[in-house]
Structures are given as structure tokens and as C-alpha cells.
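To start, the structure itself, in C-alpha cells.
Just so it is clear: chains get the letters A, B, ... in the order the sequence lines come, proteins before strands, and each one is counted from 1.
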Amino acid sequence: MRVEELKSLGVDERVIRLIRERGIEELYPPQAEALKSGVLNGKNLILAIPTASGKTLVAEIVMINKILREGGKAVYLVPLKALAEEKYKEFKFWEKLGIRIAVTTGDYDSAEEWLGRYDIIIATSEKFDSLLRHKSPWIKDVKLIIADEVHLLGSYDRGATLEMILAHLRDKAQILGLSATIGNAEELAEWLNAELVVSEWRPVSLKRGVFHHGQLFWEDGSIEKFPSQWDSLVIDALKKDKQVLVFVNTRRSAEKEALLLGGKVQRFLSKPEERRLKQIADELESTPTNEKLKEALKKGVAFHHAGLGREERSIVEEAFREGLIKVITATPTLSAGVNLPAYRVIIRDTKRYSNFGWSDIPVLEIQQMMGRAGRPKYDKEGQAIIIAKTEKPEDLMKRYIFGKPENLFSMLSNEASFRSQILALITNFGVKNFRELIEFLEKTFYYHQRKNLEALEGKAKDIVYFLLENEFIDIDLNDQFMPLPFGIRTSQLYLDPLTAKKFKDAFEKLETNPNPLGVFHLLASTPDMASLRIRRKEQEDILDYAYEMESYLYQNIPYWEDYKFEKFLGEVKTAKLLLDWINEVPEARILETYDIDTGDLYRILELADWLMYSLIELYKLSSPKKEILEFLKQLHLRVKYGVREELLELTSLPMIGRKRARALYNAGFKSIEDIVKAKPSELLKVEGIGVGILEKLYQHFGVELPKVKAKKKQEEER
DNA sequence: ATGCCTATTGTGCAGAGTGCTACTG
DNA sequence: CTGCACAATAGGCAT
């Protein structure tokens with residue numbers, strides 16, 4: 001279908017003009033089909049088509065057109081923060097029409113009114129759920145919800161959130177669900193009373209195959225011969241001047257394969273490429289993992305997993321897009337994350353370790369990895385190849401290439417999500433009694449799918465009892481629910497009620513024995529913290545530590561036979577790490593002693609920051625003691641900045657974190673006053689303080705020093 | 001026969017990723 | 001279940 005024909009479907013002229021300005025004249029068949037489905041007239045739609053086949057454009061046309069014609073807001077839900085950022089950049093294009101676009105993820109809060117000024121709001125499901133709980137006034141203006149990757153409804157730990165959002169809004173706003181190909185798309189569409197458009201069409205054709213001992217069995221039946229090792233597939237692609245993406249199932253494998261492949265990739269690099277890569281590698285900070293990354297980078301290869309810091313990840317992604325990096329070995333971070341296609345995708349592993357032992361990776365996920373093959377503007381086709389090791393190649397072919405992806409199942413019954421969702425329904429969404437609760441549950445996909453609420457009712461009852469018992473809610477003589485402040489706040493803070501209960505139970509000990517380790521262990525022991533796991537070899541050391549510090553902890557040390565024992569040690573380890581952090585142990589040493597990666601450290605710190613905040617908020621509700629509150633607030637700041645008490649004044653300044661604050665302090669600038677009084681030239685001698693930083697500081701103080709400007713010029717000239 | 005080094009076999013361990021607050025500019 | 005690190009054992013060689 002030609003873009004002009006959109007006019008006959010009622011699309012605004014301005015939208016059509018801008019699309020053509022982008023150089024798009026012809027819509028892809030599934031796009032056309034989707035737009036003809038009635039979605040432009042307000043009908044709900046589930047669009048199940050492969051990644052990179054133009055879902056976003058459909059969403060854009062529907063959104064913009066709706067806003068131009070009817071006003072109101074559109075909310076675009078994504079599963080990942082990184083994706084929110086990506087979409088924001090894409091949608092910014094429409095600002096030309098006066099459309100205002102905002103992103104809101106956990107990074108900066110905003111239940112607040114400012115979002116009311118925007119037309120398109122991009123959010124993660126959790127963030128939007130949280131906004132719903134805060135009853136943001138603009139929610140009533142939301143006329144359209146777009147759920148990207150709506151198949152994540154079936155994800156064990158995060159699916160329930162998305163399901164509840166859709167259950168809340170399915171009568172109030174138009175819904176457009178963008179999905180990967182799933183087994184039971186019809187069922188999902190039925191639930192949402194939506195039209196369904198399914199297609200396998202891709203703008204770049206995809207050729208799939210299975211590799212086994214030097215034989216590559218393509219899906220069309222043809223067989224290609226290669227040297228017996230699978231890495232020959234990588235070399236082969238490089239000879240064709242193409243890039244490769246290799247998916248593996250552990251971080252360690254990703255690193256190992258990257259270094260191994262590096263030796264074979266290096267000779268394909270041009271001199272300038274080699275120089276650029278070396279330059280990029282040299283700029284990276286030095287940590288154990290980064291050393292490996294640097295080594296690989298110099299050879300034109302990189303690994304990509306959640307242990308990498310944000311900085312490293314985006315450097316790798318960028319360099320791959322530029323074509324500098326020829327091969328990336330990755331864990332699933334890349335299969336679901338940002339869009340990073342390659343000519344050839346190799347899937348080395350089809351099994352993965354989970355909490356329940358080893359299991360086959362779902363068809364849906366493997367197909368998403370395979371979907372990464374083929375760069376729309378550069379390649380005529382993409383290739384996805386699964387490596388068979390012990391498995392029979394024909395089995396893999398049957399399961400992953402010709403097989404149907406799994407059905408989607410409601411994950412509302414997952415206890416942790418259900419607990420938090422029921423609390424929210426009662427405290428934030430005005431559900432007044434058990435009958436109303438059940439009525440609401442009848443709107444869910446869970447009910448649609450099973451037509452039987454008995455199991456869910458039982459669970460709901462248990463949870464309601466739990467909430468009553470622990471004073472999240474109360475109940476009056478007519479069996480009407482009455483939200484209590486503790487419950488309302490727990491729900492708004494987006495805490496697992498179990499976490500909140502743990503906090504509350506610890507208030508007494510907190511008051512009699514306030515100390516950082518005790519608090520950190522409390523945080524670490526909640527279900528909302530991703531505590532470290534303990535290695536066999538560390539067990540003894542950590543246990544010794546726990547005994548040594550027993551008097552500081554708010555919980556007893558369990559017996560070693562106790563199933564909680566290992567978990568407990570992991571929590572102590574996490575608490576110990578946080579203690580090191582606020583005592584200014586350098587990052588590199590923390591990474592080494594706890595044998596973790598940058599990404600893991602940041603994750604723990606981020607969670608600790610949030611939980612510290614939440615702990616304070618809940619403590620405030622309990623007739624708090626002033627000195628305890630002060631202690632907690634100070635500890636929160638120390639966690640946030642990773643510093644001892646004495647640096648807190650300095651870290652309150654912009655651009656001053658733990659490193660610079662320490663450097664300033666040691667150089668004798670111990671307070672803000674010291675800095676204001678100091679000569680700029682003196683400050684510049686301190687490590688980590690340059691002209692740029694100094695300018696920011698003076699700007700903050702509200703003074704401008706001509707001397708600094710002069711200095712800057714000097715430096716620029718150099 | 002003894003001591004030392006290397007190759008081979010055995011044993012034990014560990015293993016993906018992710019979101020959620022609110023302040024401020 | 002698989003790959004890896006490290007330990008235990010066996011084997012080879014010089015003395």
C-alpha cells in the first residue's frame with residue numbers, strides 16, 4: 001500500500017506528509033493490514049509480527065493521528081528503560097507537529113502533573129503501574145495504550161503488572177498490543193476484544209539453519225559444508241565483510257568466546273579500525289572484566305552481558321553499529337534489549353540454567369534472537385544458525401525453526417505479584433470488599449483464559465488475611481475494606497508487602513540498636529533486594545563474619561541445616577558489601593573481593609538506595625524517633641554517594657561524587673565554605689577537579705570567576 | 001629406588017536478566 | 001547438564 005492511500009483511511013495529511021519526508025513511500029504488507037484493521041477508528045488491535053518489521057511505524061501513525069484528531073494522551077509501554085530511551089529518540093521526530101513527548105522511568109520520578117503537559121508518554125509497565133497507583137490526574141486523558149512486547153504478559157516475574165494495567169484500562173482506552181509471534185495470539189486478542197493481525201513477513205528475509213559438525217542444514221533442505229568447528233561460521237561471515245552476533249548462555253562463555261574469537265577476527269581489521277578500537281579500549285576504566293573486554297575490543301570482538309556497566313554497554317553497542325566491532329558474543333541481554341541487528345546470528349546454546357535446574361530456552365526467545373539477523377539497510381537477507389552439540393540437528397530444526405512458539409499464560413497467580421497487586425487494588429483503586437475484588441479479577445486475562453477463579457480466589461483470600469493481619473488494611477463491621485496509611489504507602493512505594501512487613505517488624509530493633517550493618521542486612525533480607533549468592537568457598541568466612549557481627553544484626557543466625565542458611569549468608573555478604581561501600585572502599589577492590597562485575601554492583605546500590613528511601617518513608621508512619629530518623633537519612637545519603645559521614649557536605653554539591661569529595665577533603669577543603677573561600681588555582685590542583693567542574697561549582701554558588709574563564713581558554717588552546 | 005615434572009583423569013562447583021522512590025533542574 | 005578450575009593420580013625421565 002502506498003503511503004498516500006492512508007488518506008482514505010482517515011489519516012491526517014500532516015502525518016502522511018512527514019512519513020513521506022522520512023523517505024517512506026510504501027508500507028509493508030503487515031503494516032497496511034494492521035492499519036486497515038480498524039485501529040484507526042478506535043478498535044483495539046493485537047499486532048503479532050516479527051521484530052524490525054515495522055511495528056513502531058504502525059504505532060506512530062495510530063498515536064499521532066489519534067492525538068491530532070481527538071486530543072487526549074497516548075501511553076507507550078515498554079519493558080526496558082533502555083527501550084524507553086530508544087523510542088523517545090524515534091518519536092521526537094513528531095515534535096514537528098507540535099506533539100509533546102516525555103519519557104518517565106524509574107530514574108526520575110514524576111507521578112506529578114508535569115506529565116500532563118505531554119501528549120505521548122513513554123513508560124515502563126512498572127512505572128505506569130506506579131503512576132496509576134499515585135492517581136496522577138492526567139490518567140483520565142489517556143485515550144490510547146500501546147503495549148510494546150505485549151507477550152511479556154507471560155513473563156514469570158513481570159507479566160502480572162502488564163496484565164493488571166490492561167485490565168484496568170481495557171474499558172477506558174483504546175489498546176494496541178505489539179507482540180512477537182506467540183502460540184495463542186487469538187486468545188489474547190479475544191480477551192482485549194481486539195482485532196488480530198498476524199504475519200511472518202520481514203523486510204529482510206531470514207534464512208535459518210542448524211549447524212552440526214561442519215554441516216549446515218538450511219531450512220530449505222540444502223546443506224552447506226564448513227570446517228567442523230562452529231567458529232568457521234564466524235570467519236565465513238567476516239570474509240563476506242559481515243558482522244556476527246553470537247548468543248551463549250553464561251557470562252563466562254560470552255567472555256571466553258570473545259577472547260577466543262578475537263584471535264581469529266583480528267586479521268580482518270583495517271589499520272584505521274585497529275587504531276580506533278585501541279583508542280576505545282584504552283578509554284575504559286580498569287576492572288577485571290574490563291581488562292578482558294579491552295583485550296577483545298582490540299581484536300574487533302566484544303562481549304555483552306549484564307555485568308558490564310552502562311558506559312561499557314553503550315560503547316560496545318555503538319562500536320558495533322559503526323561496524324568497528326565485527327563480532328559480539330552476548331547473553332540474552334541483547335536478545336530482548338536495544339535493537340542491534342547483524343547479518344548472521346549464531347545461537348550456541350539452547351539450554352539454560354534456571355532456578356529449577358536446566359531447561360530448554362523457550363521457542364519464543366530463540367526466535368527473538370534469530371530475529372536479530374539481517375540489517376534492514378545493509379543486508380538483503382539475514383542468517384540465523386543454531387549450533388547442535390549433543391542434540392540431534394533435526395530435533396532443533398523441528399523445535400526452533402519449524403516449531404510454534406509457546407502459548408502465553410497469565411502470571412497473575414504468581415504469589416509475589418499477586419500480593420502486591422491485591423494490596424494496590426484495595427489501597428489505591430478503591431476496591432471496597434472481597435466481592436468487588438473478585439469482580440475485578442474477572443476482567444483479567446487469567447479469568448479469560450481459565451474461566452475459573454477458584455484457585456485465584458483462594459490465594460486472594462490468603463493474601464487479604466495477610467494484609468489484615470499486618471495492618472496494611474482494616475475491615476469494618478460490614479466487611480468493607482479500609483486502607484491504612486501503612487498499606488497505602490507500601491503500595492505507592494511499589495514495595496512487596498513482605499518487604500514492608502520485614503521493615504515494620506524491625507523498627508523496634510532499629511530503635512534500640514541503630515547501626516549500618518543491621519540496616520543493610522535488613523535491606524538485603526527483603527524479597528525486593530537482589531542479594532548476592534554465596535560461593536562454597538566463601539561460606540566459612542562469611543559465617544565467621546556473621547558471628548563476629550552478630551550483635552549488630554536484627555536477625556538470628558539460622559542453623560546450618562536450615563534451608564534459609566545459604567540465603568542468609570548471601571544476605572550478610574550483601575550487607576558487608578554495602579558497609580564497605582559507605583566506608584569508601586574503592587570500587588575496584590569491592591569488585592574483586594566480592595567477585596562481581598560493575599553492573600552487579602550498580603544494581604545492588606540502586607536497589608539499596610530505593611529500599612533505604614522506602615524504609616525511611618515507612619518508619620515515618622510509626623511515631624518515629626527523631627534521632628533514628630536522622631540516622632537513617634544520613635545512612636541513606638551515605639549509600640547514595642558511597643562515602644563516610646564527613647564527606648556528606650561535599651557530595652551535596654553538583655558533580656562531586658565519592659572520588660572528588662575525598663580528594664577535596666584530603667587536600668584540606670572539608671566544607672562548602674572552604675571551597676568558596678579557596679583560590680581557584682588551589683582547587684584545580686586537586687585530582688579530578690578541572691576547569692569544567694569548577695565552573696559548575698561556581699555556577700552553583702552563583703558566582704562567576706573571570707580567572708576560571710581565562711584558564712579554560714588556555715586549556716582549550718592547548 | 002627416588003625425586004621431579006608433566007600428562008591424564010577425577011571431582012566439585014557454578015551458572016540470564018530485569019523493574020519498582022522521590023528530589024532537582 | 002556442561003565447562004572449567006583445581007586436585008589427585010599416573011606416567012616418564014633423569015639421577
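- One finds no side-chain N or O of A:Thr161 lying less than 4.0 angstrom from the OP1 or OP2 phosphate oxygen of B:dC20.
- Here A:Asp157 lies in heavy-atom contact (under 4.0 Å) with a base.
- Atom-to-atom, CG of A:Leu618 to P of B:dA22 comes out at 11 Å; the value is rounded to the nearest Å.
- The aromatic ring centroids of A:His134 and A:Tyr494 lie 6.0 Å or more from each other.
- When the P atom is used for both B:dA16 and C:dA5, the distance is 15 Å, rounded to whole Å.
- No engagement by A:Ser420 is indicated, since no non-hydrogen atom pair under 4.0 Å with the nucleic acid exists.
- Within 4.0 Å (heavy atoms only), A:Arg603 reaches at least one base atom of the nucleic acid.
- Regarding A:Asp349, its CG atom lies at a distance of 11 Å from the C1' atom of C:dC1, rounded to whole Å.
- As rounded to whole Å, 10 Å separates atom P of B:dA16 from atom CD of A:Glu255.
- No contact: A:Arg133 has no heavy atom under 4.0 Å from any strand.
- Shown here is A:Lys389, whose NZ atom has more than 12 heavy atoms of other residues, nucleotides or ligands within 6.0 Å.
- Residue-to-nucleotide proximity on DNA chain C shows that, of A:Arg252 and A:Tyr353, the 5′-proximal contact is made by A:Tyr353.
- No contact: A:Asp129 has no heavy atom under 4.0 Å from any strand.
- When each of A:His304 and A:Lys537 is assigned the nucleotide of DNA chain B bearing its nearest heavy atom, the one mapping closer to the 5' terminus is A:Lys537.
- Between A:Lys127 and B:dT21 there is a side-chain polar atom (N or O) within less than 4.0 angstrom of OP1 or OP2.
- Taking atom CG of A:Leu308 as the reference point, atom C1' of B:dT18 lies 16 Å away to the nearest angstrom.
- Using a 4.0 Å heavy-atom criterion, one finds that A:Thr331 contacts the sugar-phosphate atoms exclusively.
- Contact annotation: A:His134 side-chain N/O to B:dA22 OP1/OP2 distance is under 4.0 Å.
- One atom, CG of A:Asn249, and another, P of C:dG3, lie 9 Å apart when rounded to the nearest Å.
- Annotation: side-chain contact (heavy atoms from CB on, under 4.5 Å) contacts of A:Asn290 (sequence neighbours excluded): A:Leu284, A:Glu285, A:Thr287, A:Leu293, A:Glu312.
- Here the side chain of A:Arg158 is nearest to one of B:dT18, B:dA22, C:dG3, namely B:dT18.
- OP1 or OP2 of B:dC20 has at least one side-chain nitrogen or oxygen of A:Lys81 nearer than 4.0 Å.
- Close to C:dT2, at under 4.0 Å from its OP1 or OP2, lies a side-chain N or O of A:Thr390.
- Between the CG atom of A:Leu532 and the P atom of B:dA14 there is a distance of 13 Å, given to the nearest Å.
- Atom name P, nucleotides C:dC1 and B:dT18: the rounded distance is 28 Å, in whole Å.
- In this structure, the nucleotide among C:dG3, B:dC20, B:dG19 sitting nearest to the side chain of A:Leu80 is B:dG19.
- Using a 4.0 Å heavy-atom cutoff across all strands shown, A:Lys389 reaches no nucleic acid atom at all.
- Side-chain atoms of A:His305 lie closest to B:dG17 of the nucleotides B:dG17, B:dC20, B:dA22.
- The six-membered or imidazole ring of A:Phe503 lies away from that of A:Tyr619, with a centre-to-centre distance of 6.0 Å or more.
- Taking the nucleotide of DNA chain C with the nearest heavy atom to each of A:Lys351 and A:Lys256, the more 5' of the two is matched to A:Lys351.
- Remark: A:Lys576 does not engage A:Asp541 in a salt bridge, criterion side-chain N to carboxylate O under 4.0 Å.
- Salt-bridge annotation for A:Glu571 and A:Lys567: present, with a side-chain N of the basic residue lying under 4.0 Å from a carboxylate O of the acidic one.
- Pairing partner, B:dT6: C:dA10, with both Watson-Crick or wobble hydrogen-bond distances short of 3.5 Å.
- Side chain A:Arg535 to base B:dA14: no donor-acceptor pair is found below 3.5 Å.
- When the P atom of B:dT21 is taken as reference, atom CG of A:Leu611 falls 12 Å away, rounded to whole Å.
- One finds a side-chain N or O of A:Thr124 lying less than 4.0 angstrom from the OP1 or OP2 phosphate oxygen of B:dC20.
- B:dT11 atom P lies 17 Å from atom CZ of A:Arg536, rounded to whole Å.
- Considering only side-chain atoms of A:Trp358, the nucleotide from B:dG15, B:dT21, B:dG19 that sits closest is B:dG15.
- Residue pairs that meet the salt bridge (Lys or Arg N to Asp or Glu O under 4.0 Å) test with at least one member in residues 486-504 of chain A, sequence neighbours left out, are A:Arg419-A:Asp496, A:Glu471-A:Lys504, A:Arg489-A:Glu617, A:Lys501-A:Asp505.
- Residue A:Ser155 is the one, among A:Trp610 and A:Ser155, whose nearest nucleotide of DNA chain B lies closer to the 5' end (criterion: closest heavy atom).
- The shortest non-hydrogen separation linking A:Pro341 to A:Phe320 is O-CE2, 3.6 Å.
- Which of C:dC4, B:dG17, B:dG15 sits closest to the side chain of A:Ala306 comes down to B:dG17.
- In this structure, B:dA14 forms a base pair with C:dT2, meeting either the Watson-Crick or the G-U wobble geometry with both donor-acceptor distances under 3.5 Å.
- Pairing for B:dG19 is absent, judged as Watson-Crick or G-U wobble with the two contacts each under 3.5 Å.
- No contact: A:Leu495 has no heavy atom under 4.0 Å from any strand.
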